[in-house]
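Just so we're on the same page: letters track the sequence lines, and every chain starts at 1. Computed from a predicted structure; not experimentally measured.
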There are 2 protein chains.
Amino acid sequence: MKKSKKEVTIYDIAEQLNVSATTVSRALNDHFSIGKETTLAVKKLAKKMGYRPNTIASSLRKNKTNTIGVIVPWIHRPFISSLISGIEEVADKAGYNVIISQSCDSFEKEVTKAQTLYSNRVDGLIVSLAMETKNYEHFYPFQQNDIPLVFVDRVSFEMEADRVIINNFDAAFNATEHLIKMGCRRIAHFAGAQHRNVYRERQEGYINALKKYNLPVDETLIVYSNLSMEEGWKGTEYLLKLSDPPDAIFSANDSAAVAAIQCAKEAGLKIPEDLAVVGFNNDRISSIVEPPLTTITHPAIDMGKIATQQVLKHKENKDVVQSETIVLKTGLTIRTSSLRKVAIKNSVQGLR
Amino acid sequence: MKKSKKEVTIYDIAEQLNVSATTVSRALNDHFSIGKETTLAVKKLAKKMGYRPNTIASSLRKNKTNTIGVIVPWIHRPFISSLISGIEEVADKAGYNVIISQSCDSFEKEVTKAQTLYSNRVDGLIVSLAMETKNYEHFYPFQQNDIPLVFVDRVSFEMEADRVIINNFDAAFNATEHLIKMGCRRIAHFAGAQHRNVYRERQEGYINALKKYNLPVDETLIVYSNLSMEEGWKGTEYLLKLSDPPDAIFSANDSAAVAAIQCAKEAGLKIPEDLAVVGFNNDRISSIVEPPLTTITHPAIDMGKIATQQVLKHKENKDVVQSETIVLKTGLTIRTSSLRKVAIKNSVQGLR
DNA sequence: TTGTACGCGTTATCAA
DNA sequence: TTGATAACGCGTACAA
């Protein structure tokens, strides 16, 4: 049975060198007031003794943890894991750690996680809201104590806080307009929960595009779900059974869109000739599915980076009081799944 | 300019209630020695005053942070993000936080991250090694201070530490044997860095399967790379240009395997008739690509869960001294990309 | 250039 | 059932 040794502290080093703990502390932090030689000697001995600074003690004293808290719905979603990657990169460069929490799209869990992170005295909090969340009081403590709070992607407009988002409305509008220009006239939509900004705005973009081109908005063509592959498959089955089925689907994410392609193909339809499909996110599967999926490009990593920069900005510059909303650009990556006009033309000419 | 208020401490509560801070501390932690009424009164006032426990102070005093550190090569890889998901889930249930760090496959970064996590006095460390890492001294401090250290997937056998792995050898052997049974005779292999256990063992499994069936081991058919899609594509081009090209590829991951399928298809080959392909990991793309990819099932989430349980086990049970190596089962998920026999038979009979 | 003394917020220990 | 006191390891006024 190993006896775990006591850890080395600055006092141990001080004792050996016959200096004060203060001097050791300063030397280790390269304080200018400490002599070159002393500093060197301290560092040398520290290394030799296997000294490891105790961040906990330092944090308590300095009232600063150098840690950024993150709450996301699910870590393993492609968009989210890229987001985290961006957060971690910028945080790391600035000397910050990152504590990650999943809300699992549950309001209750989100509340608990927020409290825990607050108790851990994180220096900033980055949040992408849970599906269920409609109340934001659990973030008040952060606001009240001037802890930078940044929402990403799934945000709240009911709170004073920084936001890093994309223009979901425009993206969805462009996607839908693209389908219209490809000759589609009955365009269905896979929609998400409408109290979450991202899904509401995507639906609004879709509807406005239809209106601009004087196409009817048919509620039977709007399918609400959690946008999983399963729901995408079911939604497609439902749509294809309609007496007047759609000639296109604009899905609020890629998973459901890919499922739509697979389901329609199994039903004997040709993509995009019989059914054009556009997704959202540019997940890796979107370029692998056949035909490749036209989709909206989401700058996930950049969103993480920028959100983190916002946190850091507030830390450095205490004067920054007003909150900012940063809107990032999206792109429409056109692949085969939506090229109905071209596809139809080719097949008429007997090409391919 | 908002003046940030002072945070509420147990002293503030104690003062208001005319009790000692000790009593407040105990009441908040439901210590049995404190009276029902006092406890209730303390909790009520704490809530009213907006008290939030300071985990930092508690950690310093208790010498326990309730935090598990994690170092992984890249957060956004499907396997890794699932792994993290599993870690987070179990840690959360046990009341632990998780600090995540990426090594970006760099040795230097891994060392820095390990030091930082140590300084943060994490109660346990879970590591999946960086590609570059060949030296393990940066983990000594954890061992020496009895901080549970668990390696996952990419592990070191040169250190006394817990390991959670899969049987890469068997998985690769089965994959290769499957190809042989499908009638393949010249099977190529996409291999990774040989000093990392996972890639070395996969290659060994591949070689041993060939030997078992008296097939020659042809070094020109083994392509070493980082197993990215780009490298998978290049590797396939190289293989197809050989004077005696392979009739199958067993890739050490799915990315390179999917690229192989796409490259071969573009070159006019039929999968699996002209080239059978098997991958490794069961990433989402493997079931989306066409034809769907036969691949090895990796219990990523479970590996994360189990690794975390190992950490907790060591915390609870200080007697557990010897380290454990837990080997999880893999499966071979057979999809179309490897069904050469069936495919050939069907095409001969003019089916499909 | 270095040292003294104290406090960060909590909890363990001992005493009442 | 409650309280006084010290201690966790470090950083910072202030003094020398």
Using every non-hydrogen atom in the two residues, find where Asp12(A) and Met49(A) come nearest and quote the distance to one decimal.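 Looking at all heavy atoms of both residues, the shortest contact is CB-CE, 3.8 Å.
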Picking from [options], which would you name as closest to the side chain of [X]?
X        : options                  : result
Ala57(A) : dG11(D), dC8(D), dG9(D)  : dG9(D)
Lys62(A) : dT12(D), dT10(C), dA4(D) : dT12(D)
Ile34(B) : dT2(D), dG3(D), dG11(D)  : dT2(D)
Tyr11(B) : dG9(D), dG11(D), dT10(C) : dT10(C)
Ser33(A) : dG11(D), dT10(C), dT2(C) : dT2(C)
Val19(A) : dG9(C), dG7(C), dG3(C)   : dG3(C)

Please determine, by modelled atom types, if [X] and [Y] share a side-chain donor-acceptor pair under 3.5 angstrom.
X         : Y         : value
Asp162(A) : His314(A) : yes
Ser20(B)  : Thr23(B)  : yes
Glu110(B) : His138(B) : yes

[N] OP1/OP2 closer than 4.0 Å to side-chain N/O of [X]:
X        : N       : result
Ser58(B) : dT10(C) : no
Thr22(A) : dT2(C)  : no
Thr23(B) : dT1(D)  : no
Tyr51(A) : dC10(D) : yes
Asn54(A) : dC8(D)  : no

Given that Thr55(B) and Thr38(A) both sit by DNA chain C, which one's nearest nucleotide is further toward the 5' end?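 Mapping each residue to its closest nucleotide by heavy atoms, the 5'-most match is Thr38(A).
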What's the separation between atom CZ in Phe107(B) and atom CG in Leu129(B), rounded to the nearest 0.5 Å?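 The CG atom of Leu129(B) is 10.5 Å from CZ of Phe107(B), to the nearest 0.5 Å.
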For [X] and [N], what is the distance between atoms [atom1] and [atom2] respectively, to the nearest whole Å?
X        : N       : atom1 : atom2 : value
Glu37(A) : dT2(C)  : CD    : C1'   : 14 Å
Ile10(B) : dG3(D)  : CD1   : C1'   : 13 Å
Leu60(A) : dT12(D) : CG    : C1'   : 14 Å
His31(B) : dT11(C) : NE2   : C1'   : 10 Å
Asn63(B) : dA12(C) : CG    : C1'   : 13 Å
Lys64(B) : dT10(C) : NZ    : C1'   : 15 Å
Glu15(A) : dG9(D)  : CD    : C1'   : 15 Å
Glu7(B)  : dG7(C)  : CD    : C1'   : 16 Å

Pairwise 5' ranking along DNA chain D for Asn18(B) and Arg61(A), keeping only the more 5' one: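 It is Asn18(B) whose nearest nucleotide is closer to the 5' end.
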Would you mind telling me which residue lines up with the more 5' stretch of DNA chain D, Thr39(B) or Ala21(A), judged by nearest nucleotide?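 Checking each residue's closest nucleotide, the 5'-ward one belongs to Thr39(B).
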Distance criterion of 3.5 Å, no angle test: do you see the side chain of Arg52(B) paired donor-to-acceptor with the base of dG9(C)?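 When only heavy-atom distances are counted, Arg52(B) does not reach the base of dG9(C) through any donor-acceptor pair under 3.5 Å.
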Should we say atom CD of Gln115(B) is surrounded by more than 12 heavy atoms from elsewhere, each under 6.0 Å from it?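 Buried by this count: over 12 neighbours within 6.0 Å.
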